[in-house]
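Please read these numbers as outputs of a predicted model, since none were measured by experiment.
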Amino acid sequence: MYQIDIMTLFDETVGDMMNESILGRAQERDFIRIEAHQIRDYTLNKQKQVDDYPYGGGRGAVMQADPLYQCWKHIVDAYGPGHTIYLSPCGTTFTQADAKRLKDDYDHLILVCGHYEGIDQRFIDECVDEEISLGDFVLTGGELPAMAVADAVARLVPGVLPDPECFENESHYNGMLEYPQYSRPEVWHGRSVPPILLSGHHANIALWRRKQSILRTRQRRPDLYEKLDLSSKQDKKLLQELDSD
């Protein structure tokens, strides 16, 4: 079973979210376990204080090292060592490749949610294995990034989704953006489903989808497009068609 523990000040909110829909059903079937831990439960003071003023001055407060450590130690003692990730705007930007790496290389993640002006660097130095960011922006806490990372990793665990094809054809899994999707009705607000998708010819549909993925990636994410290997005979033909359209 793949284990994800989330250290947070909002355990009920995180726990409720992680127990819904696909992830909730996967936990019921013992493919994954996601547990949220309230950091305040591991303080040594009656006020359950987890933050204090920063040394050196400045606005705001910093989460103290010891409550974080006591929470982290409880998780390690209960479930064994886990790859510990601090969700931080100073971390490396999270990608689909990271989701696959974390799923393949580890079977236990510990996600640390910061707040206020951040967390005491000494906890990071002693307990954190890597820092991850969702992008070049700052949020009020680490819960949203932690849930995003947990979701992205957990859905790759065998059994969580009904078939690997559910994620292998999605955006970013193979370096491209996903092709457009359509459902019923066939005509909506005067807009029709592309005829090829109604043909029943699976090989032609697959080529159309590949072509649309290439086009969408080229138009929307030229940075990803530049990294694609489109040297196959089939892809060269699709590129010629795109250039002539």
Side-chain angles (χ1 to χ4, degrees), residues 1-8 14 17-36 75 79-113 127-137 139 142-181 206 209-210 212-214 216-218 220-232 235:
M1 182 190 300
Y2 199 98
Q3 172 92 16
I4 300 177
D5 290 287
I6 302 176
M7 296 169 49
T8 172
V14 172
M17 185 65 185
M18 294 286 94
N19 280 284
E20 293 290 339
S21 187
I22 293 172
L23 297 186
R25 291 193 293 273
Q27 292 189 73
E28 292 173 359
R29 297 167 184 166
D30 291 332
F31 293 119
I32 57 173
R33 179 188 290 121
I34 303 176
E35 187 170 344
I75 294 169
Y79 302 113
H83 185 70
T84 302
I85 299 171
Y86 171 42
L87 287 308
S88 164
C90 296
T92 57
T93 303
F94 185 66
T95 67
Q96 184 66 27
D98 289 313
K100 290 191 287 185
R101 170 178 60 84
L102 294 174
K103 189 273 293 183
D104 291 340
D105 293 353
Y106 308 100
D107 58 12
H108 183 197
L109 299 181
I110 302 174
L111 307 181
V112 183
C113 303
C127 303
V128 171
D129 296 304
E130 68 174 301
E131 297 183 44
I132 282 179
S133 169
L134 287 193
D136 296 334
F137 54 89
L139 299 171
E143 280 73 22
L144 290 175
M147 288 190 286
V149 170
D151 191 296
V153 173
R155 66 195 304 275
L156 301 180
V157 174
V160 174
L161 297 181
D163 191 280
E165 188 176 341
C166 294
F167 54 77
E168 288 176 351
N169 291 326
E170 291 179 329
S171 293
H172 302 292
Y173 190 84
N174 292 314
M176 290 197 297
L177 301 185
E178 189 179 11
Y179 48 81
Q181 297 276 18
R209 286 175 169 171
R210 174 79 177 176
Q212 294 301 313
S213 287
I214 293 172
R216 181 174 278 187
T217 305
R218 184 166 73 177
R220 301 184 184 184
R221 291 294 302 273
D223 57 320
L224 295 179
Y225 181 78
E226 291 177 358
K227 301 175 184 178
L228 294 178
D229 180 3
L230 302 174
S231 60
S232 70
D235 284 340

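Nearest approach of Leu224 to Gly175, heavy atoms of both residues: CB-O, 3.8 Å. Across all non-hydrogen atoms, the minimal contact from Ala146 to Leu111 is O-CD1, 3.4 Å. Heavy atoms only, all atoms of each residue included: Ser88 and Glu131 are closest at OG-OE1, 3.3 Å. The nearest pair of heavy atoms linking Ser213 to Glu178 is OG-C, 3.8 Å. Contact between Met18 and Leu23 at its shortest, heavy atoms only, is O-CB, 3.6 Å. Across every non-hydrogen atom of Ala150 and Ile6, the tightest pair is CB-CD1, 4.5 Å.
Atom-to-atom distance recorded for Leu228:CG and Ile214:CD1 is 7.5 Å, nearest 0.5 angstrom. The CD1 atom of Ile32 lies 10.0 Å from the CD atom of Gln3; values are rounded to the nearest 0.5 Å. In this structure, CD on Glu20 lies 10.0 Å from CZ on Arg25, to the nearest 0.5 angstrom. Atom CE of Met7 sits about 8.5 Å away from atom SG of Cys113, to the nearest 0.5 Å. With values rounded to the nearest 0.5 angstrom, Leu109 atom CG is found 3.5 Å from Tyr2 atom OH. To the nearest 0.5 Å, atoms CD (Gln212) and OH (Tyr179) are separated by 11.5 Å.
Shown here are the side-chain hydrogen bond (donor to acceptor under 3.5 Å, both in side chains) partners of Thr93, two or more places apart in sequence or in another chain: there are none. Residues passing the side-chain contact (heavy atoms from CB on, under 4.5 Å) test with Ser232 are Gln234, Asp235, sequence neighbours excluded. Considering only residues two or more places apart in sequence or on other chains, Ala152 meets the side-chain contact (heavy atoms from CB on, under 4.5 Å) condition with Phe94, Ala99. Residues satisfying the salt bridge (charged side-chain N to carboxylate O under 4.0 Å, His left out) criterion with Asp129, sequence neighbours excluded, are absent altogether. Partners of Thr95 according to the side-chain hydrogen bond (donor to acceptor under 3.5 Å, both in side chains) rule, which considers only residues two or more places apart in sequence or in another chain, are Asp98.
Judged purely by atom type and a 3.5 angstrom limit, Gln27 uses its side chain to pair as donor or acceptor with the backbone of Ile34. Put simply, the side chain of Thr217 gets close to the backbone of Leu177: a donor and an acceptor are under 3.5 Å apart. Looking at Glu130, its side chain never comes within 3.5 Å of a backbone N or O of Thr92 through a donor-acceptor pair. The main-chain N or O of Leu161 is never found under 3.5 Å from a side-chain atom of Arg155 such that the two would form a donor-acceptor pair.
Within 6.0 Å of CG in Asp223 there are more than 12 heavy atoms belonging to other residues, nucleotides or ligands.
Sorted by first and then second residue, the salt bridge (charged side-chain N to carboxylate O under 4.0 Å, His left out) pairs involving residues 79-95 (not counting sequence neighbours) form an empty list.
When side chains are defined from C-beta on, Thr84 does not count as touching Ile75, because their heavy atoms never get closer than 4.5 Å. Side-chain contact between Lys103 and Val160 is absent, with no heavy-atom pair separated by less than 4.5 Å.
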Go through the steps to decide whether Ile132 and Leu102 satisfy the test side-chain contact (heavy atoms from CB on, under 4.5 Å), and finish with yes or no. CA-CA 12 Å; Ile132 282 179; Leu102 294 174; 4.3 Å; yes
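The aromatic rings of His83 and Tyr106 sit parallel, their planes meeting at an angle under 30°, below the 60° perpendicular limit.
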